[in-house]
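Worth saying up front: this structure is predicted, and the values here are computed from it rather than measured. Both counts, for ligands and for their atoms, begin at 1 and track the order of listing.
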Amino acid sequence: MTADLSPIDTAKYVAAYRAADMVENGMRVGLGTGSTAAWLVRRLGERVQQEGLRIKGVPTSTRTAQLAREVGIEVVSLDQAGWLDLTIDGADEFDGDLNLIKGGGGAHLQEKIVATASDQMVVIADAGKEVETLGAFPLPVEVIPFGWQTTRTLIEEVLDTMDVLGTNSALRMNGEAPFVTDEGNHILDLHLQRIGNARQMALVLNQVPGVVENGLFVDICDKVVVGYGDGRVELRDINAGTVELDQFLGGAKDNLFSDFSD
Ligand code: 5RP
């Protein structure tokens with residue numbers, strides 16, 4: 001099956017596989033959303049079945065909850081778990097300080113709550129997600145449906161005062177209708193091209209009435225597992241300042257996830 005994976009999917013796969021090794025018996029684990037996080041959930045399910053791994057998983061979306069149940073992970077709500085040992089999630093962009101843009105899958109509200117309620121957040125990503133400065137990926141901002149056009153106008157006014165290269169925004173669509181998040185909200189994707197000050201941007205956006213949460217994760221992520229198309233994996237720990245390298249070989253991967261598609 002590995003031979004069928006594109007380099008980018010191989011990269012996501014090996015990052016997820018490596019991160020799954022960080023999960024230990026008895027942990028309460030935040031389960032991210034997206035194609036990379038789906039590989040992780042599948043691998044954890046396999047560990048539950050094969051090794052008897054005992055964990056409680058807190059999903060960050062209905063999609064992830066469904067997959068987690070399908071693969072045999074015990075699913076609990078964040079309120080039931082209370083606090084988490086570890087959250088593992090994907091990202092749309094990460095920079096050298098492990099600040100992130102998330103929300104490409106429309107789940108950044110729950111993802112941010114879950115990651116913030118965890119001792120540790122680990123991001124799993126293919127190497128193409130690394131950037132010098134955040135902002136090439138459109139920044140998702142979750143807004144309530146009431147008066148969303150006014151909220152957009154207010155956001156664009158704020159953006160005029162910020163260190164960015166673009167100020168256009170677009171309502172995310174799902175076919176002909178606006179995309180609706182798990183919380184019943186809409187998403188505005190901000191085409192900023194470059195975010196000069198991510199910390200300031202994250203704070204300022206959340207002050208706009210109608211904004212529920214933006215997709216900037218500043219000082220939340222502790223480690224990133226970067227996957228490469230040739231099977232290499234790099235584990236970077238921002239607090240310890242360490243980098244570990246690993247190589248995943250074909251054999252183990254070939255037996256996994258053979259019927260999986262996100
Ligand atoms: C969902 C997210 C995802 O983690 C992000 O979009 C990355 O997705 P993928 O792993 O499919 O590239 O933030 O809200």
Side-chain angles (χ1 to χ4, degrees), residues 5-20 29-44 57-68 78 86-95 98-116 118 121-131 134-143 170 172-174 179-191 195 198 202 205 211-218 220-229 233 257 260-262:
L5 287 182
S6 67
I8 198 162
D9 285 330
T10 300
K12 291 178 179 193
Y13 173 95
V14 293
Y17 194 98
R18 173 66 184 85
V29 184
L31 304 171
T33 294
S35 56
T36 321
W39 289 119
L40 169 89
V41 172
R42 193 78 175 180
R43 169 63 183 151
L44 289 177
V58 175
T60 52
S61 63
T62 49
R63 262 179 294 160
T64 297
Q66 186 183 339
L67 179 61
L78 180 58
L86 174 65
T87 284
I88 305 175
D89 199 350
D92 298 300
E93 281 186 355
F94 66 93
D95 69 13
L98 303 195
N99 293 324
L100 319 171
I101 287 184
K102 287 187 50 56
H108 65 272
L109 172 57
Q110 290 190 18
E111 289 170 340
K112 198 183 270 192
I113 296 170
V114 167
T116 305
S118 306
M121 181 196 193
V122 175
V123 155
I124 46 179
D126 60 275
K129 304 282 184 64
E130 182 165 14
V131 296
L134 298 174
F137 190 91
L139 175 64
V141 177
E142 183 155 343
V143 299
R172 191 177 297 182
M173 302 297 288
N174 183 10
F179 177 86
V180 179
T181 69
D182 274 348
E183 304 302 322
N185 297 315
H186 296 328
I187 289 187
L188 293 172
D189 289 305
L190 310 187
H191 294 258
I195 302 173
L205 283 173
V211 168
V212 182
E213 190 54 81
N214 67 80
L216 282 167
F217 284 47
V218 177
I220 294 177
C221 176
D222 300 284
K223 293 178 185 167
V224 62
V225 183
V226 186
Y228 293 86
V233 178
F257 311 147
F260 173 65
S261 59
D262 182 32

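- In summary, the side chains of D182 and S61 do not present any donor paired with an acceptor at a separation below 3.5 Å, with no hydrogens or angles considered.
- The heavy atom nearest to atom 1 (C) of ligand 1, considering only E111, K112, K102, E93, is found in E111.
- With T181 contributing its side chain and G106 its backbone, the two residues share no donor-acceptor pair below 3.5 Å.
- Using a 4.0 Å cutoff on heavy atoms, G32 does not count as a contact of ligand 1.
- Side-chain N or O atoms of H186 include one that pairs as donor or acceptor with a backbone N or O of F179 at under 3.5 Å.
- Residue S35 holds the heavy atom nearest to atom 9 (P) of ligand 1 of all those in A15, S35, A16, G104.
- Annotation for ligand 1: atoms under 4.0 Å from non-hydrogen atoms of G90 are 4 (O).
- R172 contributes no side-chain N or O that, together with a main-chain N or O of P140, makes up a donor-acceptor pair within less than 3.5 Å.
- Distance alone, capped at 3.5 Å, is enough to place a donor-acceptor pair between the D89 side chain and the T33 backbone.
- For ligand 1 and D92, the ligand atoms under 4.0 Å from any heavy atom of the residue are 5 (C), 6 (O), 7 (C), 13 (O).
- Within ligand 1, the atoms closer than 4.0 Å to a non-hydrogen atom of G103 are 2 (C), 13 (O), 14 (O), numbered from 1 in the order shown.
- When each atom of ligand 1 is checked for a heavy atom of A91 under 4.0 Å away, the hits are 4 (O), 5 (C), 7 (C).
- Using a distance-only test at 3.5 Å, with no hydrogens or angles considered, a donor-acceptor pair links the side chain of K112 to the main chain of L216.
- Under 4.0 Å from ligand 1, not a single heavy atom of D126 appears.
- Here A125 has no heavy atoms under 4.0 Å from ligand 1, in either its backbone or its side chain.
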